[in-house]
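Okay, structure first, notes after.
As the structure is a computational prediction, the values presented were derived from the model and not from experiment. Every chain is numbered from 1, with letters handed out A, B, ... down the list of sequences.
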Amino acid sequence: MADAPLVTRFAPSPTGHLHVGGARTALFCWALARRAGGRFLLRIEDTDRARSDETNVKTLLEDLRWLGIHWDEGPVHGDAGGDPRGVGPFFQSARGAHYEAALHELLERDLAYPAFETEAELNALRTEAQRQKRDFRYRRPSDFDRAAALARYREGEPCVLRFNNAPREALTVEDEILGAVHFEADTLDDFVLRRRDGSPTYHLAVVVDDEKMGVTHVLRGQEHLNNTPRHLLLQRALGYRVQRYAHLPIILNADGSKMSKRDRDKAVRAALRKRSVDFSELPVASDKLEHWLANKRAQLESAELDALATALGLQLPEISVEDFRRAGYLPEAMLNVLALLGWSPGEKLEDGRDLERFDPDYLAAHFSLARARRSSARFDRNKMLAFNQQHLTALGDEDFTRRFHVWAKRYPAPPHGLSSAQTGALLQMLRPRCQTFSNFLSVDGPGGFAVRGDADYPFDPKAVTRWLATGEPTGLELLPALRDVLAAQRDFEPQPVERAIAAFCEARSLELKVAAQALRVAVTGSARSPGLGETLAVLGRDAVLARIRRCLAECQRATPGGRP
RNA sequence: GUCCCCAUCGUCUAGUGGUCCAGGACUCCGCCCUUUCAAGGCGGCAACACGGGUUCGAGUCCCGUUGGGGACGCCA
């Protein structure tokens, strides 16, 4: 490492599952390091004790690993992590000595000072400023008595340590993506470096760690852009090197708001407020709910939110990597889509199309900040779905089945009456029709007809009108005879069944389509299903006959005009 | 409100002053293939926010307006 290698880092705070924005940042950090033959390190920003715990760290590492993003240095997890350069530890909670040393130096040189206001006092000042439509910026009072403050501090009086930004000069951030970004003089306040409880704030920790860990390139979301001048100030004060910064465009929801982990909480909270529900009937303890409901920043566990959503009949947006994993997306599809959010290869295929489908190896070989975009991007679920479907289709039978079962084991489907032979057959026939793993056994998915009971699947009125109620003869009129054919069918396998139906049509000089669609609608309720033979075979003769009977009974009534 | 960022089809984007009456992908729609349904193939709809400059020439450069987003925490 003699030749100053490029070093990137991903530095999440362990507040739960990795979300889409974080995943994209990690991916770009990884790709840039790979491309440049540098190193990618993972650091856990757990300075906020209230929001960090060990489970969350594991969760985060597991999410990263599932995506296949490998870190060269950092917490050890599987074959990722380690500390070959001796720059660890990688948990900020274990790096206190570094921060204290920096703080000590700053204090000595009057670049930091103790401030004794309580949070309540500061809040009051903020509210007052807001009332007067002024900005609130904390500044060291002009009559500040440094000696006295230091004495109080050394005696152990509770206080925070703030940065002394006396010069308050204009600053320019040289961003690799945005170019030069200027900040007016006087915009920065004396921000906090060390909290009352002795822990370092993000600003201090990030600057110290990036220096000590030899980080050369900082990639992070654009929401951090306003923090960068603070970091510049600190670096200057401490005589540190300045990293190259690249602020990535923010990832937005479909409605244009910032995609945030709290969105799922928000959705459930809104639903809960709108309808007056009895808390005691909900799957989360009511005192916990009360607190969560009252506190906008509070978050429930992913599983708790899912339970609530189910209880309320809500569809929650996928935000975290875990949400997508649970929904049955493939990590390679996810990575592909993520890479396209704010970056593009800019490469044309021979047929004139843009290169859009690629794997991590391609990214590692071609990624560059020069091709990163500046503007924020909405996350397009349709595209994600389409990419996933393609990756699913590309898997190959064996791989596909194996991976499906790995998924299904982790996220068991709700009980359905299907035998394993049936699910196996469904899996194969539904493959080109499914966009996610969860789609296969979902009542709303293309296999819904099989998952639902013989008397439970709904009839699509349009399909009934088109294929059962019209024509000469109508589908409904054909069904009894078709039922007889199927009842007499010995070998109830796809091919023979289809042949029998074809023979039936030939004998009556009917278009196959007429009989096929009538049966399809009768047996699945819809004009779309897998191949007719497969559809009938997977249900089995008994179910098919029962379903035709039900259809005859229900649709005859519903379409009085269907008979001449 | 203040500061900062952004602005090409509904969405993701290509486009770095002429080769753009703007290309691709996703969605939607049509056609072909299939003795049925998908998948697949082919095609269609659809955009340079607005106003000023600069220039022989502007989606591309500059300014403004409008719109969107972010930040304003003893969170990160």
Side-chain angles (χ1 to χ4, degrees), chain A residues 11-13 15 45-48 50-51 115 117-119 122-123 126 129-130 133-137 159-162 173 175 177-178 181-184 187-189 191-197 199 201-203 205-206 220-229 247 249-250 252 254 256-258 297 337 340-349 351-357 373-387 389 393 429-434 446 498 501-502 505-506 510-520 524 526-535:
Chain A
S13 66
T15 54
E45 310 231 329
D46 57 351
T47 60
D48 184 12
R51 308 206 309 161
E117 292 83 357
T118 63
E119 286 188 73
L122 288 174
N123 284 338
R126 281 198 190 93
Q130 200 173 18
K133 297 193 194 301
R134 279 189 302 109
D135 267 10
F136 174 74
R137 288 196 198 88
C159 64
V160 299
L161 261 22
R162 285 181 182 270
V173 175
D175 188 275
I177 296 172
L178 300 170
V181 181
H182 306 284
F183 292 86
E184 295 173 9
T187 54
L188 287 183
D189 61 356
F191 52 96
V192 174
L193 297 173
R194 189 171 86 162
R195 289 185 273 257
R196 190 165 288 253
D197 68 3
S199 60
T201 60
Y202 168 70
H203 304 301
V206 84
R220 46 160 57 149
Q222 247 177 52
E223 66 269 22
H224 281 295
L225 186 56
N226 290 319
N227 288 327
T228 311
H247 289 94
I250 287 172
L252 269 23
S257 60
K258 182 185 171 191
R297 283 177 183 166
V337 170
L340 253 12
L341 246 35
W343 185 82
S344 63
E347 200 176 314
K348 296 271 184 209
L349 267 10
D351 60 4
R353 296 176 193 232
D354 292 351
L355 173 72
E356 270 198 328
R357 325 277 166 159
R373 277 180 64 87
R374 287 186 284 275
S375 47
S376 45
R378 294 178 198 220
F379 188 84
D380 186 351
R381 284 215 168 56
N382 277 331
K383 195 153 177 164
M384 173 85 226
L385 242 15
F387 271 56
Q389 181 168 22
T393 319
M429 71 179 74
L430 254 23
R431 189 122 88 88
R433 282 158 245 261
C434 277
E498 264 181 36
I501 295 163
C505 290
E506 229 163 288
L510 283 170
E511 265 189 291
L512 177 64
K513 194 174 197 157
V514 176
Q517 286 301 79
L519 268 176
R520 195 186 307 278
T524 70
S526 149
R528 297 167 153 203
S529 85
L532 185 62
E534 294 175 300
T535 302

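- For B:U16, there is no paired base (Watson-Crick or G-U wobble, both distances below 3.5 Å).
- Within 4.0 Å of A:Leu430, counting heavy atoms only, lies no atom of the nucleic acid at all.
- Going from the C1' atom of B:G41 to that of B:U34 covers 12 Å, rounded to whole Å.
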Go through A:Arg520 and A:Thr524 one step at a time and tell me if the side-chain hydrogen bond (donor to acceptor under 3.5 Å, both in side chains) criterion holds. CA-CA 6 Å; A:Arg520 195 186 307 278; A:Thr524 70; over 6 Å; no
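- More than 12 heavy atoms of other residues, nucleotides or ligands shown are found within 6.0 angstrom of CD on A:Glu117.
- Residue A:Lys348 contributes atom NZ, which lies 10 Å from atom P of B:A25 at whole-angstrom precision.
- At a cut-off of 3.5 angstrom, counting only N and O atoms as typed in the model, there is a donor on one side and an acceptor on the other between the side-chain of A:Glu356 and the base of B:G24.
- Straight-line distance between the C1' atoms of B:A58 and B:U16: roughly 12 Å, to the nearest whole Å.
- What separates NE2 of A:His224 from P of B:A71 is a distance of 9 Å, to the nearest Å.
- Rounded to the nearest Å, the gap between the C1' atom of B:C9 and that of B:G64 is 26 Å.
- Note: CD1 (A:Ile501) to C1' (B:U35) measures 12 Å, nearest angstrom.
- Among the atoms of the strands shown, only primed sugar atoms or phosphate atoms (P, OP1, OP2) are found under 4.0 Å from some heavy atom of A:Gly342.
- Pair assignment for B:U34 gives none, since no Watson-Crick or G-U wobble pairing has each distance under 3.5 Å.
- Comparing B:C74, B:C5, B:U36 against the side chain of A:Arg195 picks out B:C74 as the nearest.
- Residue A:Ala527 is classed as a sugar-phosphate contact, given heavy-atom separations below 4.0 Å to backbone atoms only.
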From CA spacing to verdict: side-chain hydrogen bond (donor to acceptor under 3.5 Å, both in side chains), A:Arg528, A:Ser526
CA-CA 5 Å; A:Arg528 297 167 153 203; A:Ser526 149; over 6 Å; no
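- Straight-line distance between the C1' atoms of B:C74 and B:C62: roughly 44 Å, to the nearest whole Å.
- Comparing B:C61 with B:U27, their P atoms are spaced 32 Å from each other, to the whole Å.
- Nucleic acid contact class of A:Asn227 (heavy atoms, under 4.0 Å, all strands): base.
- Contacts of A:Arg520 with the nucleic acid, taken as non-hydrogen atoms under 4.0 Å apart, include base atoms.
- Among the protein residues, A:Val160 comes within range of the nucleic acid bases, having at least one heavy atom under 4.0 Å from a base atom.
- Counting any heavy atom pair closer than 4.0 Å across all strands shown, A:Arg194 reaches no nucleic acid atom.
- At the heavy-atom level, A:Glu184 lies under 4.0 Å from the strands shown only through sugar-phosphate atoms.
- Base pairing analysis places B:U2 opposite B:A71; the two distances defining the Watson-Crick or G-U wobble pair are each below 3.5 Å.
- Spacing between B:G23 and B:A49 at atom P, rounded to whole Å, works out to 16 Å.
- When heavy atoms are screened at a 4.0 angstrom cut-off, A:Glu119 is found touching base atoms of the nucleic acid.
- When rounded to the nearest whole Å, the span between NE2 of A:His247 and P of B:C5 equals 12 Å.
- Nucleotide B:A22 is matched to nothing when pairs are restricted to Watson-Crick or G-U wobble geometry with both distances under 3.5 angstrom.
- Across all strands shown, A:Thr393 has no heavy atoms under 4.0 Å from either base or sugar-phosphate atoms.
- Within 4.0 Å of A:Leu340, counting heavy atoms only, lie sugar-phosphate atoms of the nucleic acid but no base atom.
- Atom CG of A:Leu122 and atom C1' of B:C72 are 14 Å apart (whole Å).
- If you check every strand for non-hydrogen atoms under 4.0 Å, A:Ser344 touches sugar and phosphate atoms only.
- Ranking B:U36, B:G70, B:G24 by closeness to the A:Asp354 side chain, first place goes to B:G24.
- One C1' atom belongs to B:A14, the other to B:C48, and the distance between them is 13 Å to the nearest Å.
- Spacing between atom OH of A:Tyr202 and atom P of B:A76 amounts to 9 Å, rounded to whole angstrom units.
- One interatomic measurement links the two molecules: CZ of A:Arg357 to C1' of B:G24, which rounds to 11 Å at whole-angstrom precision.
- Counting any heavy atom pair closer than 4.0 Å across all strands shown, A:Asn382 reaches sugar-phosphate atoms only and no base atom.
- Ranked by how close their nearest RNA chain B nucleotide is to the 5' end, A:Gly531 and A:Arg353 are led by A:Arg353.
- Considering only side-chain atoms of A:Asn226, the nucleotide from B:G1, B:C37, B:A71 that sits closest is B:A71.
- Comparing the P positions of B:G59 and B:G52 gives an interatomic distance of 14 Å, to the nearest angstrom.
- Comparing A:Phe183 and A:Ala377 by the nucleotide of RNA chain B that holds the closest heavy atom to each, the one mapping nearer the 5' end is A:Phe183.
- Base engagement by A:Glu117 is indicated by at least one non-hydrogen atom pair under 4.0 Å involving a base atom.
- For A:Arg378 against B:U11, a side-chain-to-base donor-acceptor contact under 3.5 Å is absent.
- Across the protein-nucleic acid pair, A:Leu225 atom CG and B:U2 atom P stand 19 Å apart, rounded to whole Å.
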